[in-house]
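This report refers to the structure that appears directly beneath it.
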Amino acid sequence: MAETNKKMQIVFASAECAPFVKTGGLGDVAGSLPAALVRAGAEVIVMVPKYATIKDEYKAQMEHFSDFYVSLGWRNEYCGLEKLEHDGVTYMFIDNERYFARDYPYGFFDDGERFAFFSKAITESLQHLPSGFECDILHCNDWQTALAPVFLREFYQGLPLYKRVKTVFSIHNVAFQGQFSDTVMEDILGVAHIPAAASQLRCDACSINYMLGALRYADAITTVSPTYANEIQTPEFGEGLDGVLRERSYALQGILNGIDVAGFDPATDKRIAANYTAEDRSGKAVCKAKLQEELGLEVRDDRPLMVMVTRLTRQKGMDLVMYALDRILSGGVQVAVLGTGDRDYEDGLRYFQDKYPGTMAARIEFDPALSQRMYAAADMFLMPSKFEPCGLSQIIAMRYGTLPIVRETGGLKDTVIPYNEFTGEGTGFSFTNFNGDEMGDAVFRAARLFWDNRDAWNQLVTQAMSQDFSWTRSADKYLDLYFFMHPEIERPAAVTEVAAVDEPAAAEAEPAATVTEPAAAEEPKAEEKPAAKAEVKPDAKPAAKKTTARKTTAKKATASKTTAAKATTAKATTTRKRKTAASKKAAEAEVAPEVKAEPAAKAPVKTAAKKTTTTKTTTAKKATATKSTTTKAATTKAAAKTTPKAAVKPADKVEEAPSEPKAKAAVEAKPAAKTTTRKRSTTTAKKTTTKAAAPKAEAKDEDKPAVKAEPTPKVAEVKTAPKAKVKTEPTKETPVSPATPAEEKAPTKKTSVRKATATRKRH
């Protein structure tokens with residue numbers, strides 16, 4: 001029974017959160033996603049360590065909410081909860097000065113202990129939340145919170161408060177896993193005496209892996225883009241965790257990050273030289289001229305300006321940039337790079353700046369204001385990453401009308417649609433392999449479009465700026481997952497309507513989702529199933545179920561005119577009807593006698609496996625319940641294969657009409673060919689004996705509803721008899737029919753042919 005007044009209550013745990021503390025993309029996610037979830041109707045509490053680096057203006061707004069002690073190995077540590085309301089979200093800061101009163105969030109010798117405490121404090125805090133808040137979802141992020149699902153399962157599972165808690169773990173970058181010496185297993189974690197926990201945390205003989213624990217203990221796993229979710233299941237991208245990710249692929253899905261569309265808005269951004277919109281981009285030309293002047297580049301609007309705002313590392317594709325930069329600069333493209341990183345890359349960029357004055361600008365520094373001006377002023381944004389879980393820079397660039405040039409990996413592939421010169425579709429340019437020449441080619445494809453076809457270029461810019469990368473879209477996907485894990489909580493109507501917009505496309509894109517769901521729903525750990533598929537699976541499920549239900553009802557209505565059998569028998573009949581569609585469709589045609597006698601002969605050749613399953617389902621009466629479940633799955637598979645676009649057209653009659661003729665045409669094509677062959681090679685005597693056998697076949701069809709258990713044994717008898725004869729009688733048939741060998745074999749499968757042969761022998 002759905003809880004009508006219950007809101008989805010989520011605890012979102014992260015080691016960083018904008019605007020309080022941020023070192024990378026995780027801070028942006030933790031700062032924006034909870035607010036979007038609140039706007040969608042959920043209640044959210046965000047848990048963050050109370051670092052000393054948090055600004056005093058925020059510390060002054062905190063109020064002491066609760067304090068308690070957390071057991072960590074042999075020690076008991078103080079934990080305070082400092083509450084702060086901001087942007088409709090409740091923040092709870094975990095206070096422990098010994099661990100968090102430091103100048104920087106990470107990079108200390110005792111990080112393993114610090115974030116083990118943070119994870120334990122998160123699980124303990126679920127008992128100390130504001131009254132009325134009972135955690136439904138504990139959403140943990142990256143290795144710093146990865147032990148929370150482990151602690152919850154091992155130390156808190158038996159408590160009534162924790163029974164309803166489902167855990168979600170998000171991977172933002174699988175390369176950072178939290179590996180430490182196994183000495184912390186007992187000294188800090190206190191799980192060495194629990195064999196299951198100790199074995200699942202261990203990654204080699206002498207070390208443990210915090211992220212590995214979360215991947216094995218969490219109910220669902222997400223990552224920041226669908227392509228990255230697939231990539232990390234391969235040895236190339238999995239960083240040693242690809243094996244366990246493949247094992248738990250049913251619980252893994254990718255959901256794209258969003259951006260703060262209000263903060264990154266060229267129409268209102270005060271950090272750029274001039275504001276502009278997708279309809280009126282005159283301000284962008286002003287921004288370009290101002291930036292060219294600021295960086296010492298030639299102020300020319302007829303030369304494309306390409307920028308990079310990035311860390312100067314191999315992961316960001318700097319090897320490719322160093323290789324192709326000479327070709328790009330000499331080809332007439334202006335380049336500006338902002339960032340810091342490896343010394344070799346920094347020196348290389350300075351070299352090119354000296355070699356190409358007025359065309360190349362390198363700013364080896366970290367300057368957020370300058371980065372914003374570069375996003376707004378540039379024509380192209382280069383991002384040739386070796387791997388990229390999601391990436392925000394390419395999304396921000398599109399928001400500002402700067403076309404991204406990216407490598408097709410991770411979130412870059414999911415967010416940038418490559419330009420198609422024939423259709424005009426696209427939002428940027430891309431290349432496939434980690435190769436400098438391919439990257440250079442992509443840059444010049446963009447540059448040539450800029451030079452040669454400005455109308456097509458402007459249309460591409462308009463399409464890029466009109467993309468929806470708001471957190472609202474991402475929040476809907478996360479809510480799909482949360483409500484799937486808690487079906488007893490009724491989803492707010494407004495959120496359901498928003499999610500329904502994506503539903504038809506979702507069901508059309510993944511018809512296979514309907515096949516797996518019914519079986520998954522009957523398993524004890526059905527909560528882990530939603531993450532099994534791609535991000536659209538929770539959307540697709542309701543529509544798919546409804547469509548399947550309508551189809552089954554329609555079939556039952558047809559069958560009910562001639563039978564009053566039980567529900568189990570009716571479902572078996574439906575399955576049999578689908579699988580022997582060829583014989584029944586042909587039976588209605590003009591060649592009824594011949595086709596009716598064929599099903600038994602055709603079945604072993606075309607659908608041997610399916611017939612076996614059907615026979616077992618009908619004859620084994622002892623396991624009726626189990627067999628009916630198999631029949632349901634088979635019916636669902638048949639529905640998914642026959643009508644892959646079921647969810648798009650909900651009307652029953654509209655769906656049934658087009659699907660049956662298609663099936664009829666497909667199935668009848670083969671019998672028609674065989675019937676023709678038979679007619680050529682069959683004598684008048686064969687036709688006479690066939691007609692003699694026809695009444696039996698007709699009786700089967702007429703009495704099917706009433707005599708349900710009989711058809712299967714008869715089919716089995718006819719099956720075995722032809723098989724024995726096919727091996728011994730082909731040579732005897734040869735003189736009778738002048739047809740090809742293929743034509744000779746067809747009639748020998750029928751009982752009537754054997755009778756005709758015997759008659760000739762007697763004569």
Side-chain angles (χ1 to χ4, degrees), residues 7 9-39 42-72 75-108 110-111 113-142 144-145 147-148 151 161 165 260 262-263 471:
K7 282 189 173 184
Q9 295 177 318
I10 305 151
V11 172
F12 193 91
S14 173
E16 54 185 85
C17 176
F20 310 108
V21 57
K22 173 189 167 184
T23 64
L26 174 58
D28 291 318
V29 174
S32 301
L33 177 57
L37 292 171
V38 169
R39 290 193 295 270
E43 290 185 21
V44 183
I45 291 178
V46 180
M47 290 194 173
V48 192
K50 187 183 176 184
Y51 299 109
T53 53
I54 296 174
K55 292 180 180 178
D56 292 336
E57 62 178 284
Y58 295 122
K59 289 181 180 177
Q61 299 175 36
M62 297 178 189
E63 61 174 280
H64 184 73
F65 181 77
S66 178
D67 57 77
F68 45 88
Y69 281 86
V70 173
S71 61
L72 198 66
R75 57 186 73 71
N76 278 328
E77 292 289 344
Y78 168 83
C79 176
L81 292 182
E82 305 292 326
K83 183 180 176 183
L84 172 65
E85 298 281 347
H86 180 75
D87 195 21
V89 181
T90 301
Y91 294 87
M92 289 287 188
F93 292 88
I94 305 293
D95 182 25
N96 182 300
E97 292 192 354
R98 189 163 83 82
Y99 289 134
F100 302 128
R102 307 188 187 186
D103 296 334
Y104 197 74
Y106 319 122
F108 298 97
D110 59 345
D111 276 358
E113 181 178 341
R114 294 171 69 225
F115 290 105
F117 166 79
F118 181 44
S119 297
K120 192 70 174 289
I122 291 165
T123 52
E124 184 70 25
S125 296
L126 300 186
Q127 304 174 66
H128 302 274
L129 300 177
S131 60
F133 193 103
E134 294 183 0
C135 178
D136 300 306
I137 300 289
L138 175 59
H139 191 147
C140 302
N141 295 270
D142 270 354
Q144 295 92 345
T145 59
L147 288 177
F151 288 142
L161 177 69
V165 179
D260 180 3
W471 274 108

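What you are looking at is a predicted structure, and each value in this text was computed from that prediction instead of being measured. Every heavy atom of this structure was used, including side-chain atoms; hydrogens, water molecules and symmetry mates were not.
Put simply, the side chain of Ser14 never gets that close to the backbone of Val48: no donor and acceptor are under 3.5 Å apart. Side chain of Arg114 to backbone of Pro105: a donor-acceptor contact under 3.5 angstrom is found. Judged purely by atom type and a 3.5 angstrom limit, Lys83 has no side-chain atom pairing as donor or acceptor with the backbone of Thr90. Side-chain atoms of Asp136 never come within 3.5 Å of backbone atoms of Ile10 as a donor-acceptor pair (strictly under, hydrogens ignored). Side-chain N or O atoms of Glu77 include none that pairs as donor or acceptor with a backbone N or O of Ala121 at under 3.5 Å. At least one donor-acceptor pair closer than 3.5 Å links the side chain of Glu16 to the backbone N or O of Thr23.
With rounding to the nearest 0.5 Å, the separation of CD1 in Ile122 from SG in Cys135 is 11.0 Å. For the atom pair Met92 CE and Phe65 CZ, the distance stands at 4.5 Å (nearest 0.5 Å). The structure places CZ of Phe151 at 6.5 Å from CG of Leu72, a figure rounded to the nearest 0.5 Å. Here CD of Glu124 is found 6.0 Å from CZ of Phe68. Values are rounded to the nearest 0.5 Å. From Met47, atom CE reaches atom OH of Tyr91 across 13.5 Å, with rounding to the nearest 0.5 Å. For the atom pair Asp28 CG and Lys22 NZ, the distance stands at 3.5 Å (nearest 0.5 Å).
Contact annotation: the side chain of Met62 never approaches that of Asp95 to less than 4.5 Å [non-hydrogen atoms, C-beta and beyond]. Taking 4.5 Å as the limit, some side-chain heavy atom of Ile94 sits within range of a side-chain heavy atom of Leu81. A heavy-atom distance below 4.5 Å is not found between the side chains of Ser125 and Ile45.
Taking the six-membered ring where tryptophan is involved, the planes of Phe12 and His139 are tilted, since the angle between them lies from 30° to 60°.
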Start with the C-alpha gap between Phe100 and Phe93, add the side-chain angles, then the distance that decides, and say whether ring-ring contact (aromatic ring centres under 6.0 Å, His included) holds. CA-CA 11 Å; Phe100 302 128; Phe93 292 88; over 10 Å; no
Begin from the C-alpha positions of Asn96 and Val70 and carry the test side-chain contact (heavy atoms from CB on, under 4.5 Å) through to its verdict. CA-CA 11 Å; Asn96 182 300; Val70 173; over 6 Å; no
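Atom CD of Gln61 has more than 12 neighbouring heavy atoms from other residues, nucleotides or ligands inside a 6.0 Å radius. Atom OH of Tyr69 sits in a sparse spot, with 12 or fewer heavy atoms from other residues, nucleotides or ligands closer than 6.0 Å. Within a 6.0 Å sphere centred on OH of Tyr104, heavy atoms belonging to other residues, nucleotides or ligands number 12 at most.
Taking both residues in full, the closest heavy atoms of Cys140 and Ala148 are given as SG-CB, 3.7 Å, listed atom of the first, atom of the second, then distance. Taking each heavy atom of Gln144 and Asn141 in turn, the nearest pair found is OE1-O, 4.2 Å. Heavy-atom minimum distance, Val44 versus Val89: O-CG1, 4.0 Å. Listed here is the closest heavy atom pair of Cys17 and Val46: SG-CG1, 4.4 Å. In terms of heavy atoms, Leu126 sits closest to Leu161 at O-CD2, 3.3 Å. Contact record, Gly132 with Gln9: O-NE2, 3.0 Å, taken as the closest heavy-atom pair.
The stretch residues 46-60 participates, sequence neighbours left out, in no side-chain hydrogen bond (donor to acceptor under 3.5 Å, both in side chains) pair at all.
By the ring-ring contact (aromatic ring centres under 6.0 Å, His included) test, Tyr78 is found to be paired with no residue, residues two or more places apart in sequence or in another chain being considered.
Side chain to side chain, Tyr99 and Glu113 meet the donor-acceptor criterion of an N or O pair below 3.5 Å.
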